[in-house]
Amino acid sequence: MAGRFAPRHPRADVRGGIPRQGLAPGRVRVWVPDGPLELGLVLGPLRRGPGDPTFRTTPDGAVWRTSRTPAGPGTLRVSARGGEVRGEAWGPGAEWLLEQLPRMLGADDDPSAFVPRHRLLALTRHRRPGLRLTRTGLVMESLIPSVLEQKVTTLEAYQAWRILVRKFGEPAPGPAPGRMCVMPSARTWALIPSWEWHLAGVDDKRASTILRAVRVAARLEEAAGMEPAAAQARLEVVPGIGPWTSAETVQRSHGAPDAVTVGDLHLPGIVGFALGGDRYADDAEMLRLLEPYAGQRHRAARLVLLSGRVPGRRAPRMAPRGIERI
């Protein structure tokens with residue numbers, strides 16, 4: 001059993017489930033990127049499904065995110081206009097989020113290091129020049145949802161993340177859009193009872209992996225300051241975290257351009273089809289096709305996905321297991 005008692009969730013506003021926030025202004029930072037920047041492309045990988053309580057895009061084009069930073073929880077609103085990016089943040093983690101803002105938007109990324117070897121990727125890069133690789137500097141906020149995505153459909157994983165964050169997280173600081181939350185602390189994750197994992201549709205294997213990870217959360221967060229390969233090695237020390245999960249994590253936490261995802265159900269076939277006409281490619285064939293992009297293999301895979309050249313579906317989607325109904 002993960003814990004005997006469920007952590008108390010802060011008392012909610014009866015009208016919306018989340019305490020109403022004032023409209024107090026937050027701390028502001030304006031940053032000018034040195035090239036094209038498309039917020040949706042850069043920050044999109046941080047969104048875990050359309051109902052992600054930690055991520056929201058509003059009709060005005062702004063992106064809202066919540067994070068549990070080393071300084072505490074924070075809410076960040078990012079908007080771009082006229083070549084400038086404006087970040088506004090609230091909560092104890094506001095200053096940390098604003099300091100991290102350029103890196104989160106790809107300031108440390110070097111798109112010019114990518115040299116296309118396939119016409120498809122050259123055309124895609126030309127069409128989407130605003131692609132940069134985000135670097136959040138936070139490990140656990142990418143690791144936990146990546147573990148939830150192991151061996152299940154994305155719909156199951158997104159639902160589990162949404163249920164657990166809304167139930168055990170805390171309200172987003174500042175005037176965040178309705179029902180946004182900050183992910184639980186490591187201690188709170190560790191205290192979630194076994195039946196709550198079950199109700200969220202999370203099997204014991206994934207729940208146990210998360211529990212092992214949060215017990216050493218401080219050591220795993222230290223990996224944010226390591227090179228991506230070393231960070232992956234540290235993450236994989238935890239039983240249940242393998243190359244797929246560690247790559248999915250450092251792609252976001254480190255902006256790792258070469259952290260290609262292996263062990264994925266769909267990616268080898270997509271890359272194989274786009275670059276070699278082989279929809280049945282396995283990991284070995286995918287890595288062979290990506291070999292010319294050594295050092296930039298993750299960026300190459302992102303461009304493949306953005307190209308729209310994917311094989312047609314030839315089998316039904318994998319049906320969700322729905323263990324919460326057992």
Side-chain angles (χ1 to χ4, degrees), residues 10 12-13 15-109 129-142 145 161-162 165-166 169-185 221 224 252-255:
D13 183 287
R15 289 162 292 195
I18 295 297
R20 296 176 64 85
Q21 304 288 347
L23 296 178
R27 296 178 175 86
V28 175
R29 177 175 184 177
V30 175
W31 175 65
V32 180
D34 60 2
L37 178 68
E38 190 173 335
L39 287 183
L41 284 183
V42 179
L43 298 179
L46 304 179
R47 176 177 179 257
R48 306 291 182 155
D52 186 348
T54 70
F55 191 106
R56 192 73 50 83
T57 302
T58 48
D60 60 0
V63 174
W64 292 76
R65 289 196 66 238
T66 67
S67 292
R68 185 168 294 280
T69 77
T75 300
L76 176 67
R77 178 186 184 273
V78 186
S79 59
R81 180 175 296 177
E84 288 186 345
V85 174
R86 185 178 190 270
E88 189 171 8
W90 297 263
E95 290 186 8
W96 191 94
L97 287 169
L98 292 178
E99 181 180 354
Q100 184 70 19
L101 179 65
R103 298 183 186 90
M104 187 183 300
L105 296 177
D108 291 346
D109 187 32
L131 172 64
R132 295 192 179 203
L133 303 182
T134 185
R135 179 177 182 174
T136 65
L138 297 169
V139 172
M140 297 303 293
E141 74 169 24
S142 292
W161 174 250
R162 181 173 66 251
V165 172
R166 283 185 176 163
E170 58 190 86
R179 303 197 72 190
M180 286 196 73
C181 303
V182 181
M183 67 170 274
S185 65
E221 285 292 359
R252 297 164 172 84
S253 61
H254 291 67

Using the ring-ring contact (aromatic ring centres under 6.0 Å, His included) criterion, which residues pair with Trp96? Sequence neighbours excluded. none
Show the nearest heavy-atom pair for residues [X] and [Y], with the distance to one decimal.
| X | Y | result |
| --- | --- | --- |
| Ser142 | Ser253 | OG-N, 4.4 Å |
| Met140 | Met183 | O-CE, 4.2 Å |
| Val182 | Pro173 | CG2-CD, 3.8 Å |
| Phe55 | Met180 | N-CE, 3.7 Å |
| Trp161 | Pro145 | CZ3-CD, 3.7 Å |
| Gln100 | Gly137 | NE2-N, 3.7 Å |

Is any side-chain heavy atom of [Y] closer than 4.5 Å to one of [X]?
| X | Y | result |
| --- | --- | --- |
| Arg86 | Arg81 | no |
| Arg29 | Pro102 | yes |
| Ser67 | Thr136 | no |
| Arg48 | Val165 | no |
| Val28 | Leu98 | no |

Atom pair [atom1] ([X]) and [atom2] ([Y]), whose distance is rounded to the nearest 0.5 Å:
| X | Y | atom1 | atom2 | answer |
| --- | --- | --- | --- | --- |
| His254 | Leu138 | NE2 | CG | 10.5 Å |
| Ser79 | Glu84 | OG | CD | 10.0 Å |
| Thr66 | Leu97 | OG1 | CG | 9.0 Å |
| Leu105 | Leu133 | CG | CG | 12.0 Å |
| Thr54 | Arg65 | OG1 | CZ | 6.5 Å |

Restricting to side chain to side chain donor-acceptor pair (under 3.5 Å), what partner residues turn up for Glu99, sequence neighbours left out? none
Donor-acceptor contacts under 3.5 Å from residues 34-46 side chains, at least two apart:
| residue | atom | partner | partner atom | Å |
| --- | --- | --- | --- | --- |
| Asp34 | OD1 | Arg132 | NH1 | 3.2 |
| Asp34 | OD1 | Arg132 | NH2 | 2.5 |
| Glu38 | OE2 | Arg128 | NH2 | 3.0 |

Any carboxylate oxygen within less than 4.0 angstrom of a Lys/Arg side-chain nitrogen, looking at Arg68 and Glu170?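 Salt bridge between Arg68 and Glu170, a charged N being under 4.0 Å from a carboxylate O: yes.
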